[in-house]
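Notes to accompany the following structure.
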There are 2 protein chains.
Amino acid sequence: MVTLTTVTDSAHRSDPANRSDRGEQTRAAIAAAAQELFLERGYDKTTMRAVADRAGVSIGNAYYYFASKEHLVQAFYDQIQVEHAAAAHDSLERTDKFAERLREVLTTWVDVAEPFHGFAGKFFKVAAEPTSPLSPFSTESRGAREASIDLFRRVVEGSDLKVPAPIRAELPELLWLLQMGVVLFWVHDPSDGQKRTRALVRQVVPLVDKLVRLSRLPGMRGVVGDVVELIRSVRP
Amino acid sequence: MVTLTTVTDSAHRSDPANRSDRGEQTRAAIAAAAQELFLERGYDKTTMRAVADRAGVSIGNAYYYFASKEHLVQAFYDQIQVEHAAAAHDSLERTDKFAERLREVLTTWVDVAEPFHGFAGKFFKVAAEPTSPLSPFSTESRGAREASIDLFRRVVEGSDLKVPAPIRAELPELLWLLQMGVVLFWVHDPSDGQKRTRALVRQVVPLVDKLVRLSRLPGMRGVVGDVVELIRSVRP
DNA sequence: CGCGCTACTTGAACATGTTCAAGATGATCT
DNA sequence: AGATCATCTTGAACATGTTCAAGTAGCGCG
């Protein structure tokens with residue numbers, strides 16, 4: 001069983017005469033109960049009643065803190081993000097080779113996310129709906145997204161990679177998209193320990209490395225400009 | 001209101017002493033009722049009871065023909081596929097320029113799918129779950145997927161495009177993936193008439209065209225080989 | 001005709017996500 | 001202390017997807 005630390009930072013101690021500490025604890029208890037149950041039985045077989053029971057609160061109370069059952073998976077989303085950033089941090093200390101840094105960050109994600117692969121389908125399903133606050137493109141998940149893009153910014157900036165400035169600027173976002181692609185593949189990957197996703201990462205990283213470096217060739221400039229322009233125009 | 005023709009082919013007349021014609025009709029009636037209601041009120045506000053009512057059957061009967069509410073959206077999936085193929089067929093007669101052919105096929109899809117954009121989110125959500133038979137990667141939807149890839153095969157084969165054989169062979173599947181990307185963007189595109197998706201297509205097509213043609217350059221061979229290899233290994 | 005069989009049809013019953021009106025708690029003010 | 005107010009907390013009630021045991025319809029066979 002995986003030990004789960006809740007992400008709820010009890011850090012905004014700035015409200016005047018901070019109440020709602022009781023509230024935070026209840027919220028955390030509910031989130032923790034949900035995470036346990038999701039891991040034990042999966043998303044579908046976890047009922048809101050069971051979550052409320054295990055957290056020792058009423059069902060209505062669960063809804064006071066989480067607008068819907070789907071909102072309960074947000075905790076995973078956040079947690080994976082936080083754990084990933086922490087785990088990746090270490091490996092990023094170890095090398096300045098772009099390809100290695102990228103590979104580390106991507107495989108680390110697969111490691112961190114592994115315990116959740118079982119119900120990742122449901123997880124993903126929720127995130128896939130455009131109107132969902134969990135969508136990786138939504139404004140609500142902007143924080144997590146930015147944090148993730150920052151991670152890739154560090155991958156680029158701490159590396160030996162020499163590329164034209166405009167590409168360098170867009171690269172973190174492009175790599176984040178690559179990560180989204182990896183996630184997509186991962187979700188659909190039924191292999192043991194997500195072997196195939198890991199293989200994908202091992203194969204795709206050198207390719208990306210090669211492509212990015214090729215962007216310095218004179219003949220590539222036009223194409224690269226187009227790509228950068230495309231990304232720009234596509235951003236909301 | 002869009003006229004909806006059901007996809008149910010009453011074509012397998014090969015069963016001995018074919019009964020189940022009554023059944024086919026009921027099935028079609030239910031699918032039609034569902035489609036009307038989905039378009040009128042969207043997915044969520046359409047209840048199974050309402051579908052059964054409009055189709056003039058009992059709710060249990062609706063479940064006799066469709067295993068779940070989600071299965072009712074399969075009809076859309078199929079229908080868009082069929083309409084797209086038909087609509088694209090015409091434009092493919094008109095030109096042999098690769099870029100134009102590709103652009104036509106992609107924009108035609110946006111045209112065909114437009115009426116469904118309203119609840120495409122739900123549609124997509126369903127399709128996004130890996131275990132769902134509606135997933136574009138699932139074995140169940142293999143038929144539709146193959147048909148779609150065939151369409152891109154025709155885009156390539158009827159075109160003036162000159163590229164190395166291995167790429168030519170992989171291109172249809174790659175273009176299908178591109179289409180999936182467009183769909184992903186489209187689903188998240190809140191703009192009027194999906195303007196932004198159309199803009200994306202206009203921008204991305206020349207880029208793809210350029211990239212594919214670049215693949216003939218000697219310096220590119222290695223990269224292209226890698227890409228082809230990647231696709232191969234990733235296919236289940 | 002009556003029997004049996006398969007294909008179909010029914011709606012009540014069930015499971016579970018969600019809402020809501022009513023109440024409990026505790027801090028702050030007078 | 002008592003009043004007031006925001007913040008929780010409750011569980012019954014509701015909505016809706018889904019199941020299922022019981023029926024009905026038509027068809028072929030003896």
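Quick note on labels: first sequence line is chain A, next is B, and so on, each numbered from 1.
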In whole angstrom, what separates [X]'s [atom1] from [N]'s [atom2]?
X     : N      : atom1 : atom2 : answer
B:I30 : D:dG17 : CD1   : P     : 15 Å
A:F66 : C:dT19 : CZ    : C1'   : 18 Å
B:E70 : D:dT16 : CD    : C1'   : 14 Å
B:Q25 : D:dA25 : CD    : P     : 18 Å
B:I59 : C:dC14 : CD1   : C1'   : 12 Å
B:D53 : D:dT16 : CG    : C1'   : 13 Å

Mark yes or no for whether [X], through its side chain, and [Y], through its backbone, hold a donor-acceptor pair below 3.5 Å.
X      : Y      : value
A:H71  : A:Y65  : no
A:R101 : A:R154 : yes
B:H84  : B:S148 : no
B:T46  : B:L37  : yes

I want to check one thing: is the phosphate of C:dT10, taken as OP1 and OP2, less than 4.0 Å away from some side-chain N or O of B:Y64? no
Under 4.0 Å from OP1 or OP2 of D:dC8: is there any side-chain N or O of A:N61 that close? no
The residue, A:A62 or A:R49, whose nearest nucleotide of DNA chain D is more 5′ is A:A62
Check every atom of [options] against the side chain of [X] and return the nucleotide holding the closest atom.
X     : options                : result
B:Y65 : D:dT9, C:dT9, D:dT18   : C:dT9
A:M48 : C:dT10, D:dT10, C:dG17 : C:dG17
B:T26 : C:dT9, D:dG11, C:dT10  : C:dT9
A:T47 : D:dT18, C:dT10, C:dG17 : C:dG17

Where each residue is assigned the nucleotide of DNA chain C containing its nearest heavy atom, which of A:Y43 and A:G60 is assigned the position nearer the 5′ end? A:Y43
